[in-house]
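Small disclaimer: the values here were computed from a predicted structure and weren't measured. Each chain gets a letter, A, B and so on, in the order the sequences are listed, and its residues count up from 1.
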Amino acid sequence: MITITLPDSSQRQYPKGITGLEIARSISEGLARNVLSVNVDGEVWDLTRPIHSNARVKLNTWDDKDGKATMWHSSAHLMAEAIEQLYPGTKFGIGPDVENGFYYDIDLGDRSISSNDFEKIEQRILELAREKQTFHRKEVSKEEAIKYFAGKGDEYKLDLLKDLEDGSISFYESGTFTDLCRGPHLPDTSTIKAVKLLSIAGAYWRGDESRKQLTRVYGITFPKQKDLTVYLLLLEEAKKRDHRKIGRELELFAFSPNVGQGLPLWLPKGAQLRENLEKFLKNVQRKAGYLPVITPHIGNKTLYVTSGHYEKYGKDSFQPIQTPAEGEEFLLKPMNCPHHCEIYKTRQYSYKDLPLRLAEFGTVYRYEQSGELHGLTRVRGFTQDDAHIFCRPDQVKEEFLKVMDIILYIFKALDFKDYSVQISLRDPENMQKYIGSEENWEKAEKAIIEAVEEKGIKAEVETGEAAFYGPKLDFMVNDALGRRWQLGTIQVDYNLPERFELEYTGSDGFKHRPVMIHRAPFGSMERFVAVLIEHCAGNFPLWLTPEQAIVLPISEKYEEYGKKVLTLLNDAEIRTLYDERSEKTGKKIRDAETRKIPYMVIVGEKEEAEGTLSIRKHGAGDMGTFTPEAFIKLVQNEISQLTAF
RNA sequence: GCCGGUGUAGCUCAGUUGGCCAGAGCAUCUGAUUUGUAAUCAGAUGGUCGGGGGUUCGAAUCCCUCCACCGGCUCCA
């Protein structure tokens, strides 16, 4: 007998070799019907795999992440089987589960498929699912595996096999499809009740641009038809939050092919919003000891040769600007750091002068590949809320903590709760690609890890993701459709101080090299506004929103009073508009609601006579009658509540 | 940059297999209306059907090419 410990810590005795499915059945028949896979000591197993020793066991259903993953991974196999039957001779790459569904990379040879073919494939998948196919795990030797896929002519699986060790290789057979796979899988396919193929895309084999591009088919499956319906509805809802759609509807920004791809035009309301954000951060930074600087949009090419950026990115950037002077060339600045280094060099520093924090909302231009451009989140001209902190090596950690405070303060102010944090460190296998001394790297990496721990933040550590010049810490937020974007970033840099020969005099009287920290809490104004829009679906916090109130006169007869109210509110620094169209009040309200203006101020006969205002709140409805003073106070209170913490 | 998709008025979309002068709603403008908490009525303006080339008696519709956008891949100093 073995002892199985369940998640609620209860323990049960079972004969050796019991399977997850049998354990489920011993608990309840219902559970046995719904269970998809089993976690055995933290590892996900097939439900049919015998358990031979004492273990902690968790039965995964659709409500568990691992349960979904098992279902989707099995669905990928099923889709592959369907495709192989419909398109014989197809070669298969990899087919994993992902956050929302699964995909399979396939090579169709000379043929191609498009979304028009989805229905036919979906139908076939459902037919196969109904056959209640079982997944059969088979341990095979490397030799056998190679023989099988060589016979099938599938070079991708052969390529994968190269990196696998003999003895650790398993096949899964289901229906007519056999795949190289470590599992786990569903006991059988009958739990897959609804299928939707989502999209088709090109994907390079092994993520390598220089290799062949395969066709990637994305799909998702569900245990109930209703789950699929709900999911599709959710997707529709998410699309309504798309910042590109809201940006157009609320007249925040636009693009023009005549200006150029990826070069946003900020419309008056968008500019107002952005200005409010800038003011907010400038205020925070002033208190945190940052000194504002301003540098030009272009710089002599030699500046970037010195920084090393020209060598690395020159070919793929906007090309140099010629001048009438022979051989003179300028570059649109792709980053602000070299300029800030030159500012540093304008004087001498004692160790007591550090840290020096230079801040600039600096607009930079990068020639991103055309396929990369995406609304405001990825553009070719953007403004970084940039600052560079020049400090002593012993100050890195403290400065890091202070920057983190700013970023966390901003996220809190804007109610960003679902962010993730990533620490990017060196790749220990590949140390020669990094610049800077071993000692400083260690110090900086340690400082970042400790700073994150001190703040009690959960961060993913990614080795090999550091920039060549230093480790970094990134704050990422998801957009409406779950795509992850980097916003705030803090990066340690040993490269530029070296290249620009930056110095300070230490207490020992010798010259030392300062450490440079790049940081941008928003990341860029463009991307931040994009994510902010999707976060609040265009309903910006009152203090940020470009239009805070609108006066709606019942008819032209109340124009005099209405205009008086307008002036009063604007004088009280409430950004207020006036709707003077000869429309009915219902229409004016509807339009103001659509424009997501927080407060509607309705004035008519009664209000004029009493000197009052009828207030309606966006999304909430009629709030009743206020004196102008009471309303101003209401707005001011709401703003101070939102910005005080 | 690569793979796949899309492109009709400012916006959202009709326009079956090529065939009268390309339509609708909203928005805009004009007029009427003077309105009380999510759409007043009437009229008008607005399109080289993304650009260019081709096939055809005839192209929004078929073919080629370029451009832009969308979903991914790769990239992101």
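When both pairing distances are held under 3.5 Å, B/A24 makes a Watson-Crick or G-U pair with B/U12. Using N1 to N3 plus N6-O4 or O6-N4 for Watson-Crick, or N1-O2 and O6-N3 for G-U wobble, each under 3.5 Å, B/U40 pairs with B/A32. Remark: B/C76 base-pairs with no nucleotide in the shown strands. Criterion, Watson-Crick or G-U wobble with two distances under 3.5 Å. Pair assignment for B/G7: B/C67, on the basis of Watson-Crick or G-U wobble contacts that are both within less than 3.5 Å. In this structure, B/G18 forms no base pair with any nucleotide, since neither Watson-Crick nor G-U wobble geometry is met with both distances under 3.5 Å.
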### Message
Counting primed atoms plus P, OP1 and OP2 as sugar-phosphate and everything else as base, spell out the protein contacts along nucleotides 5-16 of chain B at 4.0 Å heavy-atom distance: B, S or - for each nucleotide, 5' to 3'.
### Response
S-----SS----
### Message
One character per nucleotide, please: for nucleotides 35-50 of chain B, 5' to 3', B when the base has a protein heavy atom closer than 4.0 Å, S when only the sugar-phosphate does, - otherwise.
### Response
BBBBBB----------
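Both A/R380 and A/K312 lie close to RNA chain B; mapped to their nearest nucleotides by heavy-atom distance, the more 5′-ward contact belongs to A/R380. When each of A/Y365 and A/L481 is assigned the nucleotide of RNA chain B bearing its nearest heavy atom, the one mapping closer to the 5' terminus is A/L481.
Counting atom types as modelled, A/E372 pairs no side-chain N or O with a base atom of B/C76 as donor and acceptor under 3.5 Å. Within 3.5 Å, no donor on the side chain of A/Y367 pairs with an acceptor on the base of B/G1, nor the reverse. With hydrogens and angles ignored, a donor-acceptor pair closer than 3.5 Å exists between the side chain of A/R378 and the base of B/C75.
Under a 4.0 Å N-O distance rule, the pair A/R211/A/D208 qualifies as a salt bridge.
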### Query
salt bridge (charged side-chain N to carboxylate O under 4.0 Å, His left out) between A/E560 and A/K564: does it pass, once the steps are laid out?
CA-CA 6 Å; A/E560 197 191 332; A/K564 211 176 99 189; over 6 Å; no
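Residues that satisfy the salt bridge (charged side-chain N to carboxylate O under 4.0 Å, His left out) test with A/D474, not counting sequence neighbours, are A/K472. Shown here are the salt bridge (charged side-chain N to carboxylate O under 4.0 Å, His left out) partners of A/E593, two or more places apart in sequence or in another chain: A/R616. Under the rule for a salt bridge (charged side-chain N to carboxylate O under 4.0 Å, His left out), A/K312 has no partner lying at least two apart in sequence or in another chain.
Judged by the 6.0 Å and 45° rule, A/K596 forms no cation-pi pair with A/F540. Cation-pi geometry between A/R366 and A/Y313 is not met at under 6.0 angstrom from the ring centre and within 45 degrees of the axis.
A/W485 and A/D479 share a donor-acceptor pair across their side chains, judged by distance under 3.5 Å alone. A donor and an acceptor atom, one from each side chain of A/K333 and A/T295, are located under 3.5 Å apart. If you check the side chains of A/T363 and A/T383, you find a donor sitting under 3.5 Å from an acceptor.
When rounded to the nearest whole Å, the span between CD of A/Q261 and P of B/C69 equals 4 Å. The nearest whole Å value for the distance from the CG atom in A/L332 to the C1' atom in B/A77 is 15 Å.
Proximity of A/R483 to the phosphate of B/G71: a side-chain N or O atom is located under 4.0 Å from OP1 or OP2.
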I'd like a list of close polar pairs between nucleotides 60-63 of chain B and the protein, N/O only, cut-off under 3.5 Å.
none

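A side-chain hydrogen bond (donor to acceptor under 3.5 Å, both in side chains) with A/H518 is found for exactly one of A/Q491, A/H388, A/Q384, namely A/H388.
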